[in-house]
Amino acid sequence: MKSSAHLLTSKLPKLPESIFSTMSNLAKEHDAINISQGFPNFETDPALIQLVAKAMKDGYNQYAPLGGIYPLREVIAQKIELLYGAKYHPQSEITVTVGATQAIFSTISAFVWPNDEVIVLKPAYDCYEPAIVANGGIPVPIQLSGKDYQIDWDEFKKHLNHKTRMVIINTPHNPSGRVFSSTDMSSLQSCLKDTNIILLSDEVYEHIVFDGNTHESASKYPDLASRSFVCASFGKTFHATGWKMGYCAAPAELMKEFQKIHEFNVFCVNHPFQRALAEYLKQPSHYLELGPFFQEKRDLFLTAIKNSRFKFTPSQGTYFQLLDYSEITDESDLAFAQRLVKEFGISCIPISVFNKDLLDNKQIRICFAKTTETLIKAAEIITSI
Ligand code: PMP
Ligand code: GLN
């Protein structure tokens, strides 16, 4: 075909290939164990799959309402109230989305104007900054400090000014596995008090929290909740990342604005999956059991690598674990991760790509949402390095 390069003025000229695609492709090419990209290698509950099939057979195959079917929004609102004590109106304050990714993109698109500043805590999951830039906004990265990624809230406050339109947080945090404490959330609440800043709280790992820690949702903190979009993912919660189902919750006035973008972005999300999730969510054990389920996997993996040369602090939440390889080599994390695939047959994620200015802390991220067999095989390799 004739070149169309002269038609291009890219909105995202500096965007590299996603590290998740790079490492997963490399894993395939070298037939390596893939503990890089965050997805389970076991099946979702067959009962949930049956509910989807039933919904299709029952004829729920046409458009759903714009914000999602009422029974699903109702059970989401009940779940939020049960867990965080916050009341959201199912009709006006909950929207079902195409995964958390679309909730995040549409929130940014609805509220960020050209030249608005958006605070992003680094290391950050990769979908925030491109969405900010594509909408004309300016990402303001703040690096979390140390290898355990703590936040200095006094330092954070210094970055807020009249141009700050939004702050994005993620707890439990990908990639560090850190869970924000109630002190963190209270500090954030006082930093944002009396401002017009919107909070985008990415809580896709809300149910995956370990060792008696609690998930501190923004919805638990009234002044935060009144300015927040809380984003969630059924893909993460029900081991079905390929379904791309999620939702967000926000006060009615903000949600109305969000839905103007949502309407012309997707209009509505696929119907039979919504029917199935509405049924499945009625049983709280389906999400309450997730923490202990993944804690067992984390512990199995960490016990199996305890004699390795990697250093680690057990992850507080998410299904990710950071491993510090500084006693093994001083290679860059990118070079090390590539070598692990090619020489050792194991693929993981280098952390520098999520950090401010590609800061290299000599850490890699592994995903332990894997079968026992995969975790043991992976641990054997890691112990041999
Ligand atoms: N936020 C974080 C922190 C994630 O790790 C992911 C990856 N699943 C997402 C958002 C996107 O979620 P979804 O797959 O539901 O779009
Ligand atoms: N959230 C997943 C992770 O952190 C990846 C999702 C993706 O591939 N974009 O690994």
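Scope of the values below: all heavy atoms of this structure, side chains included, with no hydrogens, waters or symmetry mates. Numbering of ligands and ligand atoms starts at 1, following listing order.
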**Report entry** Row check, Phe273 ring normal vs Lys54 NZ/CZ: under 6.0 Å, within 45°
**Finding:**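 Relative to the ring axis of Phe273, which defines the angle, Lys54 lies outside at least one limit.
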Report task. Taking the six-membered ring of Tyr287 (Phe, Tyr or Trp), confirm whether the NZ or CZ of Lys79 is under 6.0 Å from its centre and within 45° of its axis. Result ->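 Checked: cation-pi criterion met.
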Parallel, tilted or perpendicular: which describes the rings of [X] and [Y], with under 30° parallel and over 60° perpendicular?
{"X": "Tyr128", "Y": "Tyr125", "answer": "perpendicular"}
{"X": "Phe210", "Y": "Phe368", "answer": "tilted"}
{"X": "Tyr84", "Y": "His215", "answer": "perpendicular"}

Query raised in the report: Quick check: does any side chain N or O of Gln274 sit under 3.5 Å from a backbone N or O of Val269, one acting as donor and the other as acceptor?
Result: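 Looks like yes, one N/O pair under 3.5 Å.
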Query raised in the report: Are the side chain of Lys236 and the backbone of Thr318 linked by a donor-acceptor contact shorter than 3.5 Å?
Result: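 No, Lys236 side chain to Thr318 backbone: no donor-acceptor pair under 3.5 Å.
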For [atom], which protein heavy atom lies nearest, and how many Å away is it?
{"atom": "atom 12 (O) of ligand 1", "answer": "Ala100 CB, 3.6 Å"}
{"atom": "atom 9 (N) of ligand 2", "answer": "Tyr125 OH, 3.4 Å"}
{"atom": "atom 7 (C) of ligand 2", "answer": "Phe20 CD1, 3.6 Å"}
{"atom": "atom 14 (O) of ligand 1", "answer": "Lys244 NZ, 3.1 Å"}
{"atom": "atom 5 (O) of ligand 1", "answer": "Tyr205 OH, 2.6 Å"}
{"atom": "atom 8 (O) of ligand 2", "answer": "Gln37 NE2, 2.6 Å"}

Using a strict 4.0 Å cut-off to heavy atoms of [X], name the atoms of ligand 1 that fall inside it.
{"X": "Asn170", "value": "3 (C)"}
{"X": "Ser233", "value": "13 (P), 15 (O)"}
{"X": "Gly99", "value": "15 (O), 16 (O)"}

Requested in this report: Take every heavy atom of Phe39, measure it against each atom of ligand 2, and state whether any distance is under 4.0 Å.
Outcome: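 No heavy atom of Phe39 comes that close to ligand 2.
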Query raised in the report: Evaluating non-hydrogen atoms only, which member of Ile168, Thr97, Asp202, Thr101 is closest to atom 2 (C) of ligand 1?
Result: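 Going through Ile168, Thr97, Asp202, Thr101 one by one, Asp202 has the nearest heavy atom to atom 2 (C) of ligand 1.
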Query raised in the report: Counting heavy atoms only, which of Tyr125, Trp243, Phe234 comes nearest to atom 9 (C) of ligand 1?
Result: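 Closest candidate by heavy-atom distance is Tyr125.
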Query - Backbone or side-chain N or O of Arg365 under 3.5 Å from ligand 2 N or O - result: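 Yes.
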Query raised in the report: Does Asn174 reach ligand 2 with a nitrogen or oxygen that is under 3.5 Å from one of the ligand's nitrogen or oxygen atoms?
Result: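 Indeed, backbone or side chain, Asn174 has an N or O that close.
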Requested in this report: Run the numbers for me: atoms of ligand 2, each under 4.0 Å from some heavy atom of Gly38, listed by number.
Outcome: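 Listed by number with element, the hits are 2 (C), 3 (C), 10 (O).
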Query raised in the report: Does the pair Lys147/Asp324 count as a salt bridge with the N-to-O cut at 4.0 Å?
Result: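 Yes, charged N to carboxylate O under 4.0 Å.
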So, for [X] and [Y], is the gap between ring centers shorter than 6.0 Å?
{"X": "Phe42", "Y": "Phe293", "answer": "yes"}
{"X": "Phe294", "Y": "His239", "answer": "yes"}
{"X": "Phe111", "Y": "Phe258", "answer": "no"}

Query - Within reach of ligand 2, part of Lys236 (heavy-atom separation under 4.0 Å) - result: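 Side chain only; the backbone of Lys236 stays clear of ligand 2.
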Requested in this report: Using a 4.0 Å heavy-atom threshold (strictly under), name the region of Ile349 that reaches ligand 2: side chain, backbone, both or neither.
Outcome: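 The answer is neither.
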Requested in this report: Please test Tyr205 against His173 for ring pair (Phe, Tyr, Trp, His ring centres under 6.0 Å), starting from the C-alpha separation and ending with a verdict.
Outcome: CA-CA 8 Å; Tyr205 302 101; His173 183 248; 9.7 Å; no
Query raised in the report: Any N or O on Asn174 sitting closer than 3.5 Å to an N or O of ligand 1?
Result: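 Right, the criterion is met.
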Report task. For ligand 1, indicate whether the residue Lys236 contacts it via side chain, backbone, both or neither (heavy-atom separation under 4.0 Å). Result ->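 Only the side chain of Lys236 comes within reach of ligand 1.
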